[in-house]
Each structure stands twice: as C-alpha cells, then as structure tokens.
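None of these values were measured; they are calculated from a predicted model. Quick note: numbers below take in every heavy atom, side chains included, and nothing from hydrogens, waters or symmetry partners. Order of the sequence lines fixes the chain letters, A, B, ..., with proteins taken first and strands second; residue numbering starts at 1 for each chain.
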Protein chains: 2
Amino acid sequence: MSLDGQLPPKMRLLRAAAELLANSAGAPVSTRQITQLAGVSAPTLYHHFGDKEGLFDAVVAAGFEEYVAGERDFAPSGQPLEDIRRMWDNHVQFGLNQPELYLVMFGNIRPESRPAIVADAEALMEEMLNKAAAAGQLNVQPREAARSILAANVGVTLMLIAEPATERNLELSTMTRDAMIFAVSAEPASGPATGGTGKSSVVVAAIALNAALQASHSDQLSSSELKLFLEWLHRISTSPAG
Amino acid sequence: MSLDGQLPPKMRLLRAAAELLANSAGAPVSTRQITQLAGVSAPTLYHHFGDKEGLFDAVVAAGFEEYVAGERDFAPSGQPLEDIRRMWDNHVQFGLNQPELYLVMFGNIRPESRPAIVADAEALMEEMLNKAAAAGQLNVQPREAARSILAANVGVTLMLIAEPATERNLELSTMTRDAMIFAVSAEPASGPATGGTGKSSVVVAAIALNAALQASHSDQLSSSELKLFLEWLHRISTSPAG
DNA sequence: CTAGCACCTATAGCGTTGCTATATGAACTG
DNA sequence: CAGTTCATATAGCAACGCTATAGGTGCTAG
C-alpha cells in the first residue's frame, strides 16, 4: 500500500502525513512511516518542509482551509444568530470528523506555536457577529462575543472528542451553544428600559451603530473625527450599567 | 543541579518530571533528562512507573489532586452561584499557573487516554451546582449544566494559555463565565410566569426538588417508588416548554 | 546537440530517544 | 546464617529525527 501515482512527492507527503495522523489514535507518527507510505525517502521530506513539524504545520494549514471553507459554505440565512448556530455546529462536526487534526489545531495550542489559527477562526466568527450587531441583536462587542463563543465552542468540541464515540451526547453542544448565544444577544422585543440581561437599550443601540459604522466605511466624518467618535461609542457600549 | 536529598527515588522522579515538564515550553522531555535531574538511572524509572507515559500520568494525577484541592479550598459562601464563579476562576488560574500540565490534562484529551479526569472535574462542578439547584436557582439539570460550564471553562483557559502572557485579557474569562452562569440560572425574582429564559417556574421548581431529593436521601418513598418519581421529575424538568 | 545550472531525490550514517536483559546490592524472613 | 524479595545500576538494542554528500532530472544558452 503506497500513495504512488502521478502526484508530485510534496503532495504525496502531505497526504501520507494527513492519513497517518488521522488514523494514529494519538500515537506518534514517524517520518519513516510517512516517507514509506509516500514512496519517498527521507531527505525529500526535509527538502520540502524543512522539518517534521514543518510538514505537520502544512497538514494543519490544509485542514484549516478546509475548516474555513466549511464555515463559509452555507448561504447566509438573513438571521445572523441562526447563522452563528450553524457555524458552531460546523465547528463541532469538523472536530468530530477529524479529531486528531483538531487536537493538533486547538488542543495543543501554545503561545509560541500557532495562535494565528485561533485569530483567523475568531475573525471568521466576528465577521458574522458584526451582522448581528448591526441588526441590534447583540449585547456586547462583536469581537469579545466572538472570542467568547469560539472559546466555548472549542471547549465543547474537545470534551466531545474525549468521550467514546458511542456515548457522545450532542446535547452538550446545542445547550452550550444556545446558552452562549442567549447570553450575548439582546432581547428582540424588550422595552426601552433594561432587558433581562441588565444592559440598557442604549448600550445595544451603541453597539449596533458601532458595527454599522465599521461595516459601511462612511466618509461623513474625517478620519480623526471618526477615531474619536468610535472611542466614545466604545466607552458607552462597554459601560457596566449604561 | 540535581534533586538529591533524602527523598526516595520515586518522589525525586516525580518532581524532576514535573519540573522539566513545567519548563519545557512544549518541547518533548526525555527520560534521560528526567533520570539525570532525579539522580537516578534509567531502569529505576521503569521499575516504578513502567513507562514514560506512566510517569507522566502520575504527574498529571498529582497535578489534578492539587487542582481539586484548590477547587475545594474556599469556604462555601452560601450563594452557590457565587461559589461557581470562584470555581471557574480557580480553574483558569490553575491553567495559567501550570500551562504545560494543563495542556496535558485537558488539551490532549483522547477517548482512550484519560476521560477520568474530566469526569472527576465534572463531578466537582456538579456537586456545587446541586446546591444551586436545591435553592431553585437552576434552569437545567445540574449534571448538564456542570458539563456545559466545564467545557466552556476549559475552552477559555486553553485560549488564554495560547495567548502571549503579556496580552492576556482575563475579561474573556469573566465574560464567558457570567454568560454561562446567566444562561443556566433561573431569574431570582421572576414572577410566576415564564422568566427571561423561556423556562416556566414549574421546571425550575422540579429541578430544585430533584436536587433536594437526591441530596437528602429521604426514605419516605420506597426505592422503586422513588425511581419512578425521579423519572417523572426528570421528564418534567427536561420538557422543552414546561 | 551540448554545456551548464538549478532543482529534486537517494544512499548511508550520526546522535538521541524510549526501553530492557542482566546483574548487583540492600533489607527482611525463616 | 540461607533464602527470598525489592530496588537500583551497567550496558546495549531498535527506532527515532535529521543531515552530509552525491547522483539524477529538466531547463535555458550557445
């Protein structure tokens, strides 16, 4: 069994590494296994990827592109919060489908290794939350909400991966998902006073305006004016009591 | 520099492994490093721990005991939800203080390796949530709430570990923490009708009664009666609309 | 068509890793 | 004091990540 064919050795190495990693069940994967499965000898690996970790980084990068593609692949429903639910579910499903890859991406994260992936995933989530904020459905800053939701999403996915596949209970995911979304979302039909979350509608409106401004690139204010204006808005929308 | 002294070799091995692991910054730690620092030769390690992984498991177990001790170490405040906040913060602080150990415990979790730790941590959280449920402050089953909160707690801690220490923003933790607690908690002063979460007070009362029953070991019902009664209670407290 | 030149790959082997077959010393038991 | 058990040490194996060196391949230049 070898991954021969017409593919260039670099690709064969990537696929061999991905396949072995996916079926390794946590056991370490040796460069010899990889090069043998790829039908290639050792120095080729080091020529193309410099390092064993370099090869694994490439595998992770490819996996992450797949993840991002999956996150973007559904049409926006017009209901941003509903889209965020789908994003969450996509994330969990990705982790359960490729647990080993997921553990490398999000489980073994260290400050010196790859926070870039986390930043990209956060940006993806924030992008969607901006729409919710612009529609006045958000209770907090989109960036903070994105970080918070993603963190919970990662935690849930890791917990589910840790469980034996037979007794995996996806209710943990939906429950945590809805809890997070509920907590960061403004009441849709709350009166002019404080809603159930304790945030005043002033705060909600400020957040919505902030998001709308950053999305529209309005040029009615000069850049210095805009900067100050946004700073005030930020102060309002993060004030503890409104 | 060696960890000599009067301690038995087994302890010296444990401490050496823990110390090297803590300062390894993710780099692999070799058995030779460990045995040298412990002032012991190779077979001693295998005699006591069987395996490199066995030694690491022992380190993790010790770390987990420290974690549990930290989680139990504060006096209950009488406000269960406030205690859960402190539990959450303790968890995050433990992870930030011993990131490498934490990553081994919660970052590299696999179904075949150590879900026992997760189960214990969940039990710890559930224990506290039972008090909240008994006080009528809970919106969902204590067990589900515990799993959900712990998952978010782990996710947040991993995210914070992944950030460079200089730009760590603990607001992510407090915000996610309060979001989770808010989402699973019943409104303290809501009327007899539905609260902000859409759960009826019947559900909250059922959950509270359930928790109180399981805590008190009341023997007013026979075991078979109790079993059926709890089943009904469970059905009520998990009904979608109440 | 050939010379030169990058580029890619292979042979062979270095130092280190996790681990063990075997032997030696110390401490208790009869 | 003989025998047994536990704990440690010496020496070395197979497998690991990685590389110094060299050989083949496809280009463009003359």
Side-chain angles (χ1 to χ4, degrees), chain A residues 1-61 100-101 103-104 108 110 112-114, chain B residues 1-61 100-101 103-104 108 110 112-114:
Chain A
M1 155 149 111
S2 70
L3 284 185
D4 292 307
Q6 304 77 334
L7 294 89
K10 189 170 179 178
M11 278 299 164
R12 273 184 285 159
L13 278 169
L14 265 177
R15 296 205 180 178
E19 180 179 328
L20 288 174
L21 206 62
N23 304 332
S24 67
V29 177
S30 73
T31 59
R32 282 171 170 82
Q33 284 178 274
I34 297 172
T35 54
Q36 181 184 341
L37 178 59
V40 156
S41 63
T44 302
L45 191 161
Y46 296 92
H47 175 71
H48 287 291
F49 300 99
D51 215 329
K52 182 188 186 182
E53 196 179 316
L55 170 58
F56 280 40
D57 283 352
V59 172
V60 166
E100 299 298 332
L101 186 59
L103 284 176
V104 175
N108 254 333
R110 285 188 172 82
E112 66 274 9
S113 66
R114 30 177 159 265
Chain B
M1 152 150 112
S2 69
L3 284 183
D4 292 308
Q6 305 75 334
L7 294 89
K10 188 170 180 178
M11 278 300 164
R12 274 185 284 160
L13 278 169
L14 265 177
R15 297 205 178 178
E19 180 179 328
L20 288 174
L21 206 63
N23 304 333
S24 67
V29 177
S30 73
T31 59
R32 282 173 170 79
Q33 284 178 272
I34 297 172
T35 54
Q36 181 185 338
L37 179 59
V40 156
S41 62
T44 302
L45 191 162
Y46 297 92
H47 175 72
H48 287 290
F49 300 98
D51 215 332
K52 184 188 186 182
E53 196 179 315
L55 170 56
F56 279 43
D57 283 352
V59 172
V60 166
E100 298 299 332
L101 186 60
L103 285 176
V104 175
N108 254 334
R110 284 187 174 83
E112 66 274 8
S113 66
R114 34 178 154 263

Distance (rounded to the nearest 0.5 Å) between I34(B) CD1 and L13(B) CG: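 Between atom CD1 of I34(B) and atom CG of L13(B) there are 8.0 Å.
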field: Spacing of CZ belonging to R15(B) relative to CG belonging to L37(B), to within rounding of 0.5 Å
entry: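 It comes to 12.0 Å.
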Partners meeting side chain to side chain contact (heavy atoms under 4.5 Å, CB included) with A18(B) (sequence neighbours left out):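 Listed in chain order: V59(B).
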query: side chain to side chain contact (heavy atoms under 4.5 Å, CB included) with T31(B): which residues, sequence neighbours excluded?
result: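 T31(B) satisfies side chain to side chain contact (heavy atoms under 4.5 Å, CB included) with L45(B), Y46(B), K52(B) only.
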Range on DNA chain D touched by chain A - first to last nucleotide, heavy-atom distance under 4.0 Å: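 Counting from the 5' end, contacts occupy dC16(D) to dA20(D).
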Round to the nearest Å and state the distance from [X] atom [atom1] to [N] atom [atom2].
{"X": "L45(B)", "N": "dT20(C)", "atom1": "CG", "atom2": "C1'", "answer": "13 Å"}
{"X": "F49(B)", "N": "dG18(C)", "atom1": "CZ", "atom2": "C1'", "answer": "16 Å"}
{"X": "Q33(B)", "N": "dG18(C)", "atom1": "CD", "atom2": "C1'", "answer": "13 Å"}

Looking at [X] and [Y], what are the two nearest heavy atoms and their distance?
{"X": "Q33(A)", "Y": "P28(A)", "answer": "OE1-O, 4.0 Å"}
{"X": "F49(A)", "Y": "L14(A)", "answer": "CZ-CG, 4.0 Å"}
{"X": "G26(A)", "Y": "R110(B)", "answer": "CA-NE, 3.2 Å"}
{"X": "P9(A)", "Y": "T44(A)", "answer": "CB-CG2, 4.1 Å"}

message: Strictly under 4.0 angstrom, non-hydrogen atoms only: write out the protein contact profile of nucleotides 6-16 of chain C, one letter per nucleotide from the 5' end, B, S or -.
response: --SBBB-B---
message: If you compare every side-chain N and O of Y46(B) against the phosphate oxygens of dT20(C) (OP1, OP2), does one of them come in below 4.0 Å?
response: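 No.
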